[in-house]
Amino acid sequence: MSSSKPSFSDYFGKLGGIPMYKKFIEQFHNVEEFEARPDDLVIVTYPKSGTTWLSEIICMIYNNGDVEKCKEDVIFNRVPYLECSTEHVMNGVEQLNEMASPRIVKSHLPVKLLPVSFWEKNCKIIYLSRNAKDVVVSYYFFILMVTAIPDPDSFQDFVEKFMDGEVPYGSWFEHTKSWWEKSKNPQVLFLFYEDMKENIRKEVMKLLEFLGRKASDELVDKIIKHTSFQEMKNNPSTNYTTLPDEVMNQKVSPFMRKGDVGDWKNHFTVALNEKFDMHYEQQMKGSTLKFRTKI
Ligand code: A3P
């Protein structure tokens with residue numbers, strides 16, 4: 001572990017029983033009291049499930065495919081991260097309070113911690129999920145590149161923590177299952193990263209319909225082109241390269257890393273995979289939720 005980094009326990013506390021960045025916990029009262037507006041759209045994900053990709057697609061929809069408009073500001077200003085509160089980089093609640101409607105809100109909160117105001121105002125919510133194995137790989141590299149977060153000892157160690165729910169935002173299993181339950185609500189749209197990778201046109205059409213927008217071939221083509229992995233990797237307003245190395249060190253691992261389904265195969269050993277599969281079965285037993293780990 002790098003000596004400049006704090007220890008895991010210095011950096012994380014518990015929020016509603018879930019490991020969370022201490023800085024977020026300090027300001028969480030502002031999140032709980034957050035005043036939603038009826039036309040807010042909330043994008044919820046477990047971290048590393050394709051939040052930025054979906055956010056950019058939604059921005060393109062809201063701007064009728066105007067690429068230049070979407071490039072006017074970085075994604076974390078266009079789609080503020082609700083519960084994020086760091087001294088120098090961003091404060092989601094402050095950003096959102098100052099923002100004109102209609103707002104697009106990003107959150108990684110589990111159902112039980114999302115501010116009640118979003119439910120009271122009947123806001124639309126999109127939950128994007130991704131298979132656990134690719135999430136844990138993406139999360140591992142993300143934690144290495146976010147300078148302030150203490151590094152796990154090894155990938156194996158991180159996977160163990162992930163299985164135990166001892167990573168920021170807690171158990172992927174609980175998060176995903178509880179949002180899956182909520183998807184019975186017609187105001188909640190539940191999507192899969194793997195479906196987006198397999199057939200982005202179909203998923204963009206689904207989004208347009210959910211948002212009550214007209215779908216033209218021209219608009220859909222523009223959205224698909226602008227939000228491809230390569231375009232977003234080269235776009236400073238989506239690739240997080242505007243943040244200094246002291247915040248995200250992209251030399252350690254780029255934010256736009258691989259964008260694949262099945263990269264886990266390059267990182268899991270056979271033994272770790274077997275252990276993970278057993279744990280997965282136990283955790284997901286009885287759930288109708290099915291993920292694909294390859295397409
Ligand atoms: P990998 O680390 O597997 O490459 P989030 O935005 O929730 O933090 O998720 C980040 C993950 O989504 C990263 O996964 C990133 O590469 C991937 N991603 C971002 N934009 C993408 C795109 N346009 N197409 C496919 N994957 C994308």
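Just so you know, ligand 1 is whichever comes first in the structure, and atom 1 is the first atom listed for that ligand. Since the structure is predicted, the reported quantities are computational estimates derived from the model, not experimental observations. By convention here, the first residue in the shown sequence is residue 1.
The six-membered or imidazole ring of Trp179 lies away from that of Tyr46, with a centre-to-centre distance of 6.0 Å or more. In this structure, His279 has its ring center no closer than 6.0 Å to that of Phe162. Between Phe76 and Tyr81, a ring centre-to-centre spacing not shorter than 6.0 Å is recorded. For Phe24 and Tyr169, the distance between ring centers is not under 6.0 angstrom.
Atoms of ligand 1 found under 4.0 Å from any heavy atom of Ser228, numbered from 1 in the order shown, are 23 (N). For ligand 1, the atoms sitting less than 4.0 Å from at least one non-hydrogen atom of Met232 are 20 (N), 23 (N), numbered in the order shown with element in parentheses. Ligand-side atoms of ligand 1 in range of Thr52: 5 (P), 6 (O), range being under 4.0 angstrom from any heavy atom. Close approach of ligand 1 to Ser49 (heavy-atom distance below 4.0 Å) involves ligand atoms 7 (O), 9 (O). Here is the list of ligand 1 atoms found below 4.0 Å of a heavy atom in Tyr193: 17 (C), 25 (C), 26 (N), 27 (C).
Atom CG of residue Leu272 and atom CG of residue Asp277 lie 9.5 Å apart, to the nearest 0.5 angstrom.
Salt bridge absent: Lys202 and Asp195 never bring a charged side-chain N and a carboxylate O closer than 4.0 Å.
The residue Thr238 has no part lying near ligand 1, judged by heavy-atom distances below 4.0 Å. Both the backbone and the side chain of Ser138 come within 4.0 Å of ligand 1, judged by heavy-atom distances.
Contact annotation: Thr227 has at least one heavy atom less than 4.0 Å from an atom of ligand 1.
Between Lys197 and ligand 1, not a single N/O pair is under 3.5 Å apart.
Counting only heavy atoms from C-beta outward, the side chains of Gln27 and Val93 never approach each other to under 4.5 Å. Between Asn185 and Ile125, every side-chain heavy-atom pair lies at or beyond the 4.5 Å cut-off.
Nearest to atom 16 (O) of ligand 1 by heavy-atom distance, out of Trp264, Tyr240, Phe229, is Phe229. Evaluated by nearest non-hydrogen atom to atom 14 (O) of ligand 1, the leading choice among Met256, Lys258, Arg130 is Arg130.
Looking from atom 7 (O) of ligand 1 to the surrounding protein, the closest heavy atom is Thr51 OG1, 2.4 Å. Nearest protein heavy-atom contact of atom 12 (O) of ligand 1 is Gly50 CA, 3.8 Å. For atom 15 (C) of ligand 1, the closest heavy atom belonging to the protein is Phe255 O, 4.0 Å. Scanning the protein for heavy atoms near atom 8 (O) of ligand 1, the closest one is Lys48 NZ, 2.8 Å.
Under a cut-off of 6.0 angstrom, the local environment of NZ in Lys265 is crowded, with over 12 non-hydrogen atoms contributed by other residues, nucleotides or ligands.
Between the side chains of Lys69 and Asn64, not a single donor N or O lies within less than 3.5 Å of an accepting N or O.
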